[in-house]
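Side chains included, hydrogens not; waters and symmetry mates left out as well; all remaining heavy atoms used. Start at 1 and go down the list; that is how both ligands and their atoms are numbered.
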Amino acid sequence: MIKLAITTGEPAGIGPELSTQLPFDQLFQQYPDLHLTLVGDQSWLEAQTNEELSAFSDRLDFHHIALKESAHHGQLNTANAQYVLDTLTHAATGCMNDHYQGMVTAPVQKSVINDAGIPFSGHTEFLEELTGARKVVMMLATEGLKVALVTTHLPLRNVADAITPELLTEIIQVTHHDLQRYFGIDQPHIYVCGLNPHAGEGGHLGMEEITIIEPTLNALRETGIQLTGPLPADTLFTDKYLKHADTVLAMYHDQGLPVLKYKGFGNAANITLGLPIIRTSVDHGTALDLAGKGLADQGSLLTAIDYGYKMAKARATRRQSA
Ligand SMILES: NC(=O)C1=CN([C@@H]2O[C@H](COP(=O)(O)OP(=O)(O)OC[C@H]3O[C@@H](n4cnc5c(N)ncnc54)[C@H](O)[C@@H]3O)[C@@H](O)[C@H]2O)C=CC1
Ligand SMILES: NCC(=O)COP(=O)(O)O
């Protein structure tokens, strides 16, 4: 059995309805050995669907964690911030104990967790710390395009200073390793964006390409990793390059993700590479404007489940043949 935990996310957002209104019949036919556990407040979750979920009890269950205060669609409440983190901790520790083979996360509202006085940048950083991972990489994937990021949830003002040879080396090594490990790509070819316009224009529009990015890529090429770049980001995202790229490495969040979302919003998943566990997620946020209205699109959650399931299968196969 491949057991995936779905953390149902911010209770005031669209996560609870997306998780409980999944086409379970179809999912369990498509993945005959899939088991799902919905992690969150069971009463609030059951109230989001008209379907009798107990009909799927051999393949679907709940791990109940009680809300601290009642939830209301579209209304954030700092009292429930710790509840959200508790759902993540349950799923991640369950994965580390092999109770689950992976976790799929519905969106959380980062601001309300911080408003509650708990510093929180995102699942990516939270899970890096919780699992003791050395370095994780945020990668979003849709049909025909994968984009990994060197920096994640960082104010733009701090991005250039964060890009060091050490960070870039670790990010590329993790990306290379996990493209092999989970996606079966023997020799991944990674296309790397520059940081500055025109990749620095020979040093006239910024020096980071010359002082940091090029020497780091050269050193990594010596170790056998296939790298192209740094290329100007505005032309890297064209078919001429993309048809050869197993993934694009962008220097910061809004350099890479708008392109990915333009191509695949609603059919993309966010995958955390470098963790000792499997974690995939939706490509969207809490959409408080849609919560409780039955208008939220299921596509990305289904894509995240698909990636999570296939990654877990790949790992199981690898373990069996080891
Ligand atoms: N994986 C996660 O936990 C993520 C969490 N967030 C968080 O979500 C919160 C809100 O972020 P926003 O930037 O407003 O992004 P958002 O994705 O929540 O909303 C952006 C726009 O997309 C629409 N939208 C989002 N998901 C949709 C769906 N499934 N179907 C149809 N329309 C959908 C919304 O209605 C809105 O118009 C923030 O706190 C952000 O940090 C954002 C991205 C990922
Ligand atoms: N844009 C993706 C995003 O912000 C999700 O972050 P995380 O919560 O998966 O770390």
Side-chain angles (χ1 to χ4, degrees), residues 6-22 39-40 48 73-78 80-81 84-85 87-89 91-92 102-116 118-131 133 135-142 146-156 250 252-275 277-305 307-308:
I6 300 185
T7 57
T8 51
E10 164 55 46
I14 58 175
E17 68 200 66
L18 288 179
S19 315
T20 51
Q21 293 175 19
L22 282 165
V39 185
Q48 310 306 314
H73 293 130
Q75 292 177 32
L76 297 171
N77 182 352
T78 52
N80 287 324
V84 170
L85 298 182
T87 65
L88 300 184
T89 301
M103 63 189 281
V104 179
T105 60
V108 305
Q109 183 83 18
K110 300 173 181 58
S111 59
V112 77
I113 300 173
N114 285 284
D115 289 345
I118 308 168
F120 180 84
S121 304
H123 292 88
T124 308
E125 299 83 354
F126 180 83
L127 294 172
E128 180 175 49
E129 189 174 337
L130 189 137
T131 61
K135 178 57 65 190
V136 301
V137 177
M138 184 190 292
M139 184 180 82
L140 272 80
T142 190
K146 293 186 182 67
V147 177
L149 305 179
V150 178
T151 58
T152 53
H153 296 120
L154 204 58
L156 194 49
Y252 55 94
H253 190 278
D254 285 4
Q255 183 182 54
L257 297 193
V259 185
L260 186 292
K261 291 195 181 185
Y262 184 67
K263 182 170 171 61
F265 192 55
N267 293 297
N270 174 356
I271 300 163
T272 313
L273 307 179
L275 288 172
I277 63 174
I278 290 169
R279 179 262 173 163
T280 65
S281 185
V282 291
D283 63 3
H284 55 78
T286 51
L288 297 176
D289 55 324
L290 301 183
K293 297 183 179 156
L295 297 174
D297 187 81
Q298 296 277 354
S300 180
L301 183 56
L302 290 168
T303 307
I305 291 170
Y307 274 109

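Protein heavy atoms are found less than 4.0 angstrom from atom 5 (C) of ligand 1. Distance screen at 4.0 Å: atom 34 (C) of ligand 1 has a protein heavy-atom neighbour inside the cut-off. The presence of a protein heavy atom under 4.0 Å from atom 20 (C) of ligand 1 is ruled out. Not a single protein heavy atom sits closer than 4.0 Å to atom 12 (P) of ligand 1.
E10 is listed as a side-chain neighbour of V112, based on a closest heavy-atom distance under 4.5 Å. In this structure the side chain of M103 never reaches within 4.5 angstrom of the side chain of V39, judged on heavy atoms. Looking at T131 and R279, their side chains never come closer than 4.5 Å, going by heavy atoms from C-beta outward. Counting only heavy atoms from C-beta outward, the side chains of T151 and H253 never approach each other to under 4.5 Å. Within the 4.5 Å cutoff, side-chain heavy atoms of K261 are placed close to those of L140. Looking at L22 and I305, their side chains come closer than 4.5 Å, going by heavy atoms from C-beta outward. Using a 4.5 Å heavy-atom cutoff, the side chains of L156 and Y252 are in contact. Residues V259 and V147 are not in side-chain contact: their nearest non-hydrogen atoms beyond the backbone lie 4.5 Å or more apart.
Among T7, N270, T105, the one residue that satisfies the side chain to side chain donor-acceptor pair (under 3.5 Å) test with S281 is T105.
The protein non-hydrogen atom at the shortest distance from atom 40 (C) of ligand 1 is K110 NZ, 4.2 Å. In terms of protein heavy-atom proximity, atom 18 (O) of ligand 1 is closest to A287 N, 2.8 Å. Ranking the protein heavy atoms by distance from atom 37 (O) of ligand 1 puts D289 OD2, 3.8 Å first. Ranking the protein heavy atoms by distance from atom 44 (C) of ligand 1 puts H284 O, 3.2 Å first. For atom 30 (N) of ligand 1, the closest non-hydrogen atom on the protein side is D297 N, 2.8 Å. Regarding atom 5 (C) of ligand 2, its nearest protein heavy-atom neighbour is N270 ND2, 3.5 Å.
With H123, H153, R279, H253 as candidates, the residue nearest to atom 6 (O) of ligand 2 on a non-hydrogen basis is H153. Distances from atom 15 (O) of ligand 1 to the heavy atoms of S281, G266, G285 put G285 nearest. The closest non-hydrogen atom to atom 38 (C) of ligand 1, taken over Q109, M138, Q298, comes from Q109.
Each of the following atoms of ligand 1 lies closer than 4.0 Å to a heavy atom of P107: 2 (C), 3 (O). Within ligand 2, counting atoms from 1 as listed, the ones closer than 4.0 Å to a heavy atom of T124 are 7 (P), 9 (O), 10 (O). When each atom of ligand 1 is checked for a heavy atom of A296 under 4.0 Å away, the hits are 30 (N). Listed by number with element, the atoms of ligand 1 under 4.0 Å from a non-hydrogen atom of L290 are 31 (C), 32 (N), 33 (C), 35 (O). Residue-ligand proximity, G122 to ligand 2, at heavy-atom distances under 4.0 Å covers atoms 8 (O), 10 (O). Ligand-side atoms of ligand 2 in range of L257: 1 (N), range being under 4.0 angstrom from any heavy atom.
Under a 4.0 Å heavy-atom criterion, T105 is not in contact with ligand 1. For the pair V108 and ligand 1, a heavy-atom separation below 4.0 Å is found.
The structure places OG1 of T272 at 8.5 Å from NE2 of H123, a figure rounded to the nearest 0.5 Å. Rounding to the nearest 0.5 angstrom, the gap separating the OG1 atom in T124 from the CD1 atom in I271 is 11.5 Å.
When only modelled atom types and interatomic distance are considered, S300 and D283 share a side-chain donor-acceptor pair under 3.5 Å.
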Test side chain to side chain contact (heavy atoms under 4.5 Å, CB included) on K293 and H73 and set out the steps. CA-CA 9 Å; K293 297 183 179 156; H73 293 130; over 6 Å; no

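Close N/O approach between T286 and ligand 1 is found [any backbone or side-chain N/O within under 3.5 Å].
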